[in-house]
Amino acid sequence: MPEKIHQRFDEALTLGLLSSPVVDKHVAATSNIKKRKRLLPPQSTVPLTSKDSPRVAGDKPEKPGSVISRTGHAGLKERAAALAPARKKLPIWSHASTICSGLQDRDVMLIVGETGSGKSTQVPQMLVEEPWCRTQRLCISNQSSQEPLPNSVNGSRPESLQIGGRIAITEPRRVAAISLAERVAQEMGTPLGSSSPASTVGFSVRFNNCTSPSTRIKFLTEGMLLQEMLRDAWLRDYSAVVLDEVHERGVNADLLLGFLRGIVTGKKEGRGGAVLKVVVMSATAEMQTLEEFFEQGFLQESAGEDPVAHEDATAKIDLPDAESEWSGISSSDDEDEGPRGNGGEGPTTSPIQHVSSCHVEGRQYPVTIHYEPKPVQNWLDAMLRTIFHIHYKEPLPGDVLVFLTGQETVETLEKLVKEHEKDMRADVPKLLILPLFAALPQDVQQAVFQRPPPKTRKIILATNIAETSVTVPGVRFVIDCGKAKIKHFRSEIGLESLLVKPISKSAATQRMGRAGREAPGKCWRLYTEQDYLDLPQSNTPEILRCDLSQAILTMQARGIQDIYGFPFLDRPRREAYEKALMHLFQLGALDKTGCINQIGSQMAQLPLSGALARTLLAAIEPEMDCVREVIDIIACLSVENIFLKTTSEESKEQAETARRAMYRREGDHLTLLATVQAYAAENTDRKDWCRRYFVSHRAMKAVMDVRKQLHSLPLFGKSLSTDPSERSVLTAELSACVRKCFIQGFAYNTALRLSDGSYKTVAGHQKVAIHPSSVLFGKPVRAILFNEFVFTNKSYARGVSAVEMSWLEDAWKEPGLEDG
Ligand SMILES: Nc1ncnc2c1ncn2[C@@H]1O[C@H](COP(=O)(O)OP(=O)(O)OP(=O)(O)O)[C@@H](O)[C@H]1O
């Protein structure tokens, strides 16, 4: 443990600043919960125009932006000093010496700690001054630098390279990466990211790299670290990688675990032997499984195997007709039955010796949980009641964070709350309602972190993007609907969709943990206690329920030839690999031997899904030549719905009439294009233009932003015009080219019309109907392509365009693909 940390700790201890962890007796003490008085009686209807006003407690809410102004006045260092006492009270603080010394002795550490114990903000700060975290200049021979990922290094002579000096902390979502970077920069008294060359804390998310040459602590999304590994598979910039919120078990986290295990357990030739420390953090992860996973890697390395590193020419990909030699033990069919495996390698019996661990007990503030006495029939209605119950009964300051399932439910509730707000008495504090979902632009997402105006309560209506790692200042109350949209791939029909499903216990704990971060909190679960007890312990890893195409592309682009040997914590079924390989083959991303080709490599480098990346690459082809048009459509598909939702029949009709000029009979893709181009050509008042055409101004601003980012991709060099108002003449030929490009990316999402008027997908023979939101709804065409498969009361195709049969025949010409 470095001297500095010892000193800081000793001082803190002497001053009595290190309070013993506050053990929350309320949380999860389910027997106590029954005895507690329920604030919401069964199906109670809390009057929405209650005469009770919230009690306003002593401390005044700050003005919006007051943090910034205070920072401006008092200086960054002063602000950091003001935050120090609170940091020292965090439960993790008393574990600093265990964490630092554990990582001096060993290269892998697992940290499990309750929500709000200080993992994400404090661990990077504890490690950054460690001796092993200094930059080193080392000589690396070309031969050795070819491992573990063969395509990672250029040049033929030994090179002297700078290794390490930075810590990467990965987050599953950009909103967490950005807000944590901001917080840690404040705590360290440094400017953030690219705002100053002296900044030591930064972040990197899609389309926004906010770092400086002196960045030492870098928060980034898991996807961004995988992108960085394309350029440098050895992660030479870093001395440590901290994987945060691993219990979420997204595909990218699982890929990172496998890649990092390869580096940390190997000889690290490409790093000149410099160690890479790996810290895996979670509130609830199964520690033993992770320990076994890493120990197994060390064991294999000492036995001369290296599943990630080796370049085994014989380990080529088996296409579906190959004989099965499958020995994986974990499968998506029985994913919820019994403990999951450690990559199919069986439990290790060796003594644990390479991995250290740290359990951080306790949270800073208690959170009281309220359950519903009986199942709620209409949880949106229950949400509304609970929001106003809190507003009338609970003191200010005390903002509310509400967890909903998706953009649609967020917008519906937003409207309902606004309607009911009109009935509030004038002396009742105001509400500031803020939506928070993934498709929102970054600045709108970040608005939730601002303090509300005085005598105003912030109500944040969020999806599960606010579930982990996020501290929203002011939030004391959480309302949890107990559901989330979960990605689910149905391999038999080859389509992925988002389904609304109950969350896991671990997700419920995370949601609850968003309260109680600055003061004691309360969490209303809109389900019964028994429903909670019946929830699965943890989320089913995404790798077991998603289309593996993207994961395989990621592996292959990073030089993994034996994709079946890649060390996944939970290994998907062989069938899932085979389906994904077929899909990649159809996309043209693999050659006939199953190895990644140039198209595949380019796809992997683009910050887009595989399907959109393929569409974009098709648009560059000289015979298509419609890249600017395709970019405009992709930009629309990357943000929230650009068309405003209409509810009344009257407004629906008005919107239909106004938008008619943009509607294209070819379908939604060309309609989006026409709308973007009309908006871009508007030079006087774009906001007013949006109002007249029932288009979301917020969404259009985001479209223009994504459009700009895509125009500046290195793929295009300087060849793309950046004149925003340049308009295409939408000829029949151009319209056909655009749709042909989308077929290249979305061939699996194509369907033919049957005699009864319904549609059946070409690949999976799944019946689908055109979604009512499509301009083609009620307008039969022979064949369609669509962007999304959604299942509500029936299966729908959303984002639909008409296509020619001959185009589909061309798309499905490749050998062996006709039977899907
Ligand atoms: N932006 C912020 N504003 C105010 N306080 C914050 C902020 N970020 C963190 N904190 C404080 O620091 C504490 C620790 O946060 P941190 O994110 O490090 O915890 P954690 O253990 O990683 O929690 P989780 O696993 O729930 O993300 C919070 O409980 C809160 O008191």
Side-chain angles (χ1 to χ4, degrees), residues 19 21-22 24 27 61-62 66-68 70-71 79-80 82-96 99 110-127 169-173 175-188 192 201 203 217 219 242-248 279-285 358-367 397 399 401 403 445-451 458 460 464-476 478 506-521 523:
S19 59
V22 180
D24 172 15
V27 174
E62 291 183 41
S66 57
V67 169
I68 295 161
R70 258 189 297 125
T71 304
R79 167 85 175 137
L83 291 173
R87 288 178 57 202
K88 287 171 186 162
K89 286 186 191 145
L90 290 170
I92 198 142
W93 196 260
S94 56
H95 295 264
I99 292 169
L110 310 177
I111 302 178
V112 174
E114 276 200 54
T115 58
S117 56
K119 301 180 297 299
S120 318
T121 51
Q122 305 310 308
V123 169
Q125 298 184 68
M126 287 171 189
L127 303 183
I169 308 102
T170 66
E171 298 296 331
R173 301 186 184 87
V175 67
I178 298 171
S179 64
L180 282 166
E182 278 176 356
R183 174 69 179 186
V184 172
Q186 282 177 3
E187 291 185 358
M188 291 179 72
L192 178 67
V201 181
F203 66 84
I217 295 180
F219 286 88
V242 182
L243 298 182
D244 200 7
E245 310 296 355
V246 164
H247 63 272
E248 281 218 10
V279 182
V280 181
M281 305 202 297
S282 164
T284 45
C358 175
H359 285 267
V360 183
E361 275 168 18
R363 63 174 56 243
Q364 227 188 335
Y365 300 101
V367 180
D399 298 328
L401 178 59
F403 283 100
Q445 289 187 347
Q446 292 304 312
V448 306
F449 297 98
Q450 301 287 331
R451 299 266 176 203
K458 216 164 46 170
I460 299 148
N464 55 358
I465 72 159
E467 195 171 285
T468 50
S469 278
V470 173
T471 300
V472 183
V475 166
R476 306 273 193 279
V478 162
S506 129
T509 307
Q510 286 294 320
R511 289 179 178 194
M512 176 201 73
R514 299 312 108 196
R517 296 173 86 83
E518 295 175 315
C523 171

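We count ligands from 1, going down the list as the structure has it; atoms in each ligand are counted the same way.
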Any heavy atom of [X] sitting closer than 4.0 Å to ligand 1?
{"X": "S179", "value": "no"}
{"X": "R514", "value": "yes"}
{"X": "E114", "value": "yes"}
{"X": "G513", "value": "no"}

Measure the [atom1]-[atom2] distance between [X] and [Y] for me, rounded to the nearest 0.5 Å.
{"X": "D244", "Y": "S120", "atom1": "CG", "atom2": "OG", "value": "3.5 Å"}
{"X": "R511", "Y": "T115", "atom1": "CZ", "atom2": "OG1", "value": "13.5 Å"}
{"X": "T471", "Y": "E182", "atom1": "OG1", "atom2": "CD", "value": "12.0 Å"}
{"X": "E245", "Y": "K119", "atom1": "CD", "atom2": "NZ", "value": "6.0 Å"}

Give me the residue, atom name and distance of the protein heavy atom closest to [atom].
{"atom": "atom 9 (C) of ligand 1", "answer": "T471 OG1, 3.4 Å"}
{"atom": "atom 23 (O) of ligand 1", "answer": "G116 N, 2.8 Å"}
{"atom": "atom 22 (O) of ligand 1", "answer": "S120 OG, 2.6 Å"}
{"atom": "atom 19 (O) of ligand 1", "answer": "G118 N, 3.2 Å"}
{"atom": "atom 30 (C) of ligand 1", "answer": "R517 O, 3.4 Å"}
{"atom": "atom 18 (O) of ligand 1", "answer": "T121 OG1, 2.5 Å"}

(Q) I need the minimum non-hydrogen distance between V472 and V448, along with the two atoms involved. (A)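 So the minimum-distance heavy-atom pair works out to CG1-O, 3.3 Å.
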Q.
Which heavy atom of S469 sits nearest to which heavy atom of E171, and what is that distance?
A.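 Closest approach of S469 to E171: OG-OE1, 2.6 Å.
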Q.
Could you walk me through whether V475 and R517 satisfy the side-chain contact (heavy atoms from CB on, under 4.5 Å) test, starting with their C-alpha distance in whole Å, then the side-chain angles of each, then the deciding distance to 0.1 Å, before giving a yes or no?
A. CA-CA 8 Å; V475 166; R517 296 173 86 83; over 6 Å; no
Would you kindly specify which portion of [X] sits under 4.0 Å from ligand 1, judged on non-hydrogen atoms: side chain, backbone, both or neither?
{"X": "M281", "result": "neither"}
{"X": "L90", "result": "side chain"}
{"X": "P473", "result": "side chain"}

**Q.** side-chain contact (heavy atoms from CB on, under 4.5 Å), paired with S117, selected from V360, V112, I111, L90
**A.**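 Only match with S117 under side-chain contact (heavy atoms from CB on, under 4.5 Å): V360.
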Q: Using the side-chain contact (heavy atoms from CB on, under 4.5 Å) rule, take R173 and N464 through it: C-alpha gap first, then chi angles, then the decisive distance, then the call.
A: CA-CA 10 Å; R173 301 186 184 87; N464 55 358; 4.2 Å; yes
Q. Of the listed options (R183, K119, Q122), which comes nearest to atom 6 (C) of ligand 1 when hydrogens are ignored and any heavy atom counts?
A.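 The option holding the nearest heavy atom is R183.
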Q. Pick one: which of E248, R514, Q510 meets side-chain hydrogen bond (donor to acceptor under 3.5 Å, both in side chains) with T468?
A.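 So, applying the side-chain hydrogen bond (donor to acceptor under 3.5 Å, both in side chains) to T468 and each of E248, R514, Q510, only E248 qualifies.
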**Q.** Close N or O approach (D244, ligand 1; < 3.5 Å)
**A.**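 Such a contact does not occur with ligand 1.
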Q. Can an N or O of T115 be found at a distance shorter than 3.5 Å from an N or O of ligand 1?
A.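 T115 vs ligand 1: no N/O contact under 3.5 Å.
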**Q.** Step-by-step side-chain contact (heavy atoms from CB on, under 4.5 Å) determination, I99 to L127
**A.** CA-CA 8 Å; I99 292 169; L127 303 183; 4.1 Å; yes
Q: Give the atoms of ligand 1, by number and element, whose distance to some non-hydrogen atom of S469 is under 4.0 Å.
A: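 Counting from 1, the qualifying ligand atoms are 27 (O).
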